[in-house]
Amino acid sequence: MNQDALKELLYKIADDLLILGHRNSEWTGFGPLLEEDIAFSSMAQDKIGQSYAVYQMLTELGEQSPDTVAFTRNANQFHNCQLVELPNGEYDFSLIRHFLFDTADALRWEMLAQSSYEPLSLLAKKIKGELRYHTMHANTWIKQLGSATEESISRLQNSLTAAMPYALGIFEESHFEKGIITEGVFAGEQELKKRWVSKIENIITQTQLLLPDLKIVAPVFGGRIGKHSEHLQPLLDEMSEVFKIDPTAEW
């Protein structure tokens, strides 16, 4: 098994979860409803816990400790898609991002449960159960607000249109793609994208929202190879502030 290919896959999974987990945590104390404040905080905790588990797997493959890789790399060393690093904006944008990303994330872990790399397949079987709540939460609110008032429909539609190019960046392929597929580690980004499109179409058609034409939407790529928006480095600086005060401290 190509270790570099495996590490690249694990880094992009872990980095997506860490960064979106941090973004979701920013809703703590600011949610539009108390239950949404709690929901986003809970999902943030799940994502950061999941990222830690993947970083631990990377440590077992010879990478540095989870704390070191999470808190000491610069933006150009991160493999997350740009979707997860964007500012939260208003609740409609965060909800759309939650829906688009978590649908893909749940499908990814479902696929990884069949991975030929046993540590990953075992972790996937655990995590995919945790994600049922995330996707149920997203789908419920998209259906409800996507069919509610003129304002809620309009706001969600605008956010859906704005987020879609970044969402397509989730499926950016690496140059290890063929090997990962051939070795049975992961069925590949194109297979994931196909399943994702089917899932989101199914939910969107139950609302008054319109899915952008994915044939003409230009994906925002680059995140998987360290090319990020101006929003990631400030987020990393904030996220690592306490760690950098005393990296040897035990929390």
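Start at 1 with the first residue, then count along the sequence.
Met239 places a side-chain heavy atom less than 4.5 Å from the side chain of Leu236. With contacts defined as side-chain heavy-atom distances shorter than 4.5 Å, the pair Leu112/Ile127 does not qualify. The shortest distance between side-chain heavy atoms of Asn24 and Ile48 does not fall below 4.5 Å. Inter-residue side-chain proximity for Leu123 and Trp109 is flagged as met; some heavy-atom pair is nearer than 4.5 Å. The side-chain heavy atoms of Ser240 and Thr72, taken from C-beta on, include no pair separated by under 4.5 Å. Under the 4.5 Å side-chain criterion, counting only non-hydrogen atoms from C-beta, Met164 is in contact with Leu211. Inter-residue side-chain proximity for Lys193 and Val197 is flagged as met; some heavy-atom pair is nearer than 4.5 Å. With a 4.5 Å cut-off on side-chain heavy atoms, Trp141 and Gln144 count as touching.
Under the 4.5 Å side-chain heavy-atom criterion for Ile, Leu, Val, Met, Phe, Trp and Tyr, Leu6 and Ile181 are members of distinct hydrophobic clusters. Leu18 and Ile225 fall into different hydrophobic clusters, where Ile, Leu, Val, Met, Phe, Trp and Tyr are joined by side-chain heavy atoms under 4.5 Å apart, directly or via other members. The cluster map of Ile, Leu, Val, Met, Phe, Trp and Tyr, joined by side-chain heavy atoms under 4.5 Å apart, puts Ile200 and Met136 in the same cluster. Using a 4.5 Å cut-off between side-chain heavy atoms of Ile, Leu, Val, Met, Phe, Trp and Tyr, with links allowed through other members, Phe221 and Leu214 fall into different hydrophobic clusters. There is no path of hydrophobic side-chain contacts, each under 4.5 Å, that joins Val185 to Leu122.
In Gln208, the CD atom is crowded: over 12 heavy atoms of neighbouring residues, nucleotides or ligands sit closer than 6.0 Å. For Tyr117, the OH atom is densely surrounded, since the number of other residues' heavy atoms within 6.0 Å is greater than 12.
Checked for salt-bridge contact, Arg224 and Glu189 miss the test: no charged N lies under 4.0 Å from a carboxylate O. Salt bridge status for Lys199 with Asp102: absent, with no side-chain N to carboxylate O gap under 4.0 Å. A salt bridge links Glu191 with Arg195: the closest approach of a Lys/Arg side-chain nitrogen to an acidic carboxylate oxygen falls below 4.0 angstrom.
Shown here for Ser65 and Thr59, the closest heavy-atom pair between the two residues is CA-OG1, 3.7 Å. In this structure, Glu130 and His134 approach most closely via the heavy-atom pair O-CD2, 3.5 Å. In terms of heavy atoms, Asp4 sits closest to Asn2 at N-OD1, 2.9 Å. Heavy-atom minimum distance, Ile170 versus Cys81: CG1-SG, 3.9 Å. The two residues Phe93 and Ala163 have their closest heavy-atom pair at CE1-CB, 3.8 Å. For Ala124 against Ala113, the heavy-atom pair with the smallest separation is CB-N, 3.4 Å.
Ser25 contributes no side-chain N or O that, together with a main-chain N or O of Ala44, makes up a donor-acceptor pair within less than 3.5 Å. Under the 3.5 Å distance criterion, the side-chain polar atoms of Ser121 are matched with a main-chain donor or acceptor of Glu118. The backbone N or O of Met111 sits nowhere less than 3.5 Å from a side-chain atom of Gln114 that would complete a donor-acceptor pair. In this structure a side-chain-to-backbone donor-acceptor pair under 3.5 Å is present from Asp213 to Lys215. Between the side chain of Glu172 and the backbone N or O of Gly222, at least one donor-acceptor pair lies under 3.5 Å. Looking at Gln233, its side chain does come within 3.5 Å of a backbone N or O of Ala75 through a donor-acceptor pair. Without hydrogens or angle criteria, Gln157 side chain to Leu210 main chain gives a donor-acceptor distance under 3.5 Å.
One finds the CG atom of Leu192 at 6.0 Å from the CG atom of Leu107 (value rounded to the nearest 0.5 Å). Note that CG of Asn88 and CG of Leu95 are 12.0 Å apart. Values are rounded to the nearest 0.5 Å. The distance from the NZ atom of Lys126 to the CG atom of Leu131 is 10.0 Å, given to the nearest 0.5 Å. To the nearest 0.5 Å, atoms CZ (Arg97) and CG (Leu160) are separated by 14.0 Å. Rounding to the nearest 0.5 angstrom, the gap separating the CD atom in Gln190 from the CD atom in Glu173 is 4.5 Å. Taking CD1 of Ile204 as the start and CG of Leu100 as the end, the distance is 7.5 Å to the nearest 0.5 Å.
Ring planes of His137 and His98: tilted class, angle from 30 to 60°.
Looking at Glu85 and Asn80, their side chains do bring a donor and an acceptor atom within 3.5 Å of each other. Judged purely by distance below 3.5 Å, without hydrogens or angles, the side chains of Asp67 and Tyr52 never pair a donor atom with an acceptor atom.
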CA sep, side-chain torsions, deciding dist, call: Leu235, Arg23, side-chain contact (heavy atoms from CB on, under 4.5 Å): CA-CA 9 Å; Leu235 182 151; Arg23 281 297 188 212; 3.1 Å; yes
Using the side-chain contact (heavy atoms from CB on, under 4.5 Å) rule, take Leu9 and Phe176 through it: C-alpha gap first, then chi angles, then the decisive distance, then the call. CA-CA 9 Å; Leu9 176 65; Phe176 296 115; over 6 Å; no
Please test Asp105 against Asp16 for side-chain contact (heavy atoms from CB on, under 4.5 Å), starting from the C-alpha separation and ending with a verdict. CA-CA 9 Å; Asp105 192 40; Asp16 275 352; over 6 Å; no
Checking side-chain contact (heavy atoms from CB on, under 4.5 Å) for the pair Thr207/Leu156: CA distance, chi angles, key distance, verdict? CA-CA 11 Å; Thr207 71; Leu156 282 183; over 6 Å; no
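The only member of Leu17, Asp15, Thr68 that meets side chain to side chain contact (heavy atoms under 4.5 Å, CB included) when paired with Tyr55 is Asp15.
Listed by chain and residue number, nothing satisfies the side-chain contact (heavy atoms from CB on, under 4.5 Å) test with Ala162 (two or more places apart in sequence, or in another chain).
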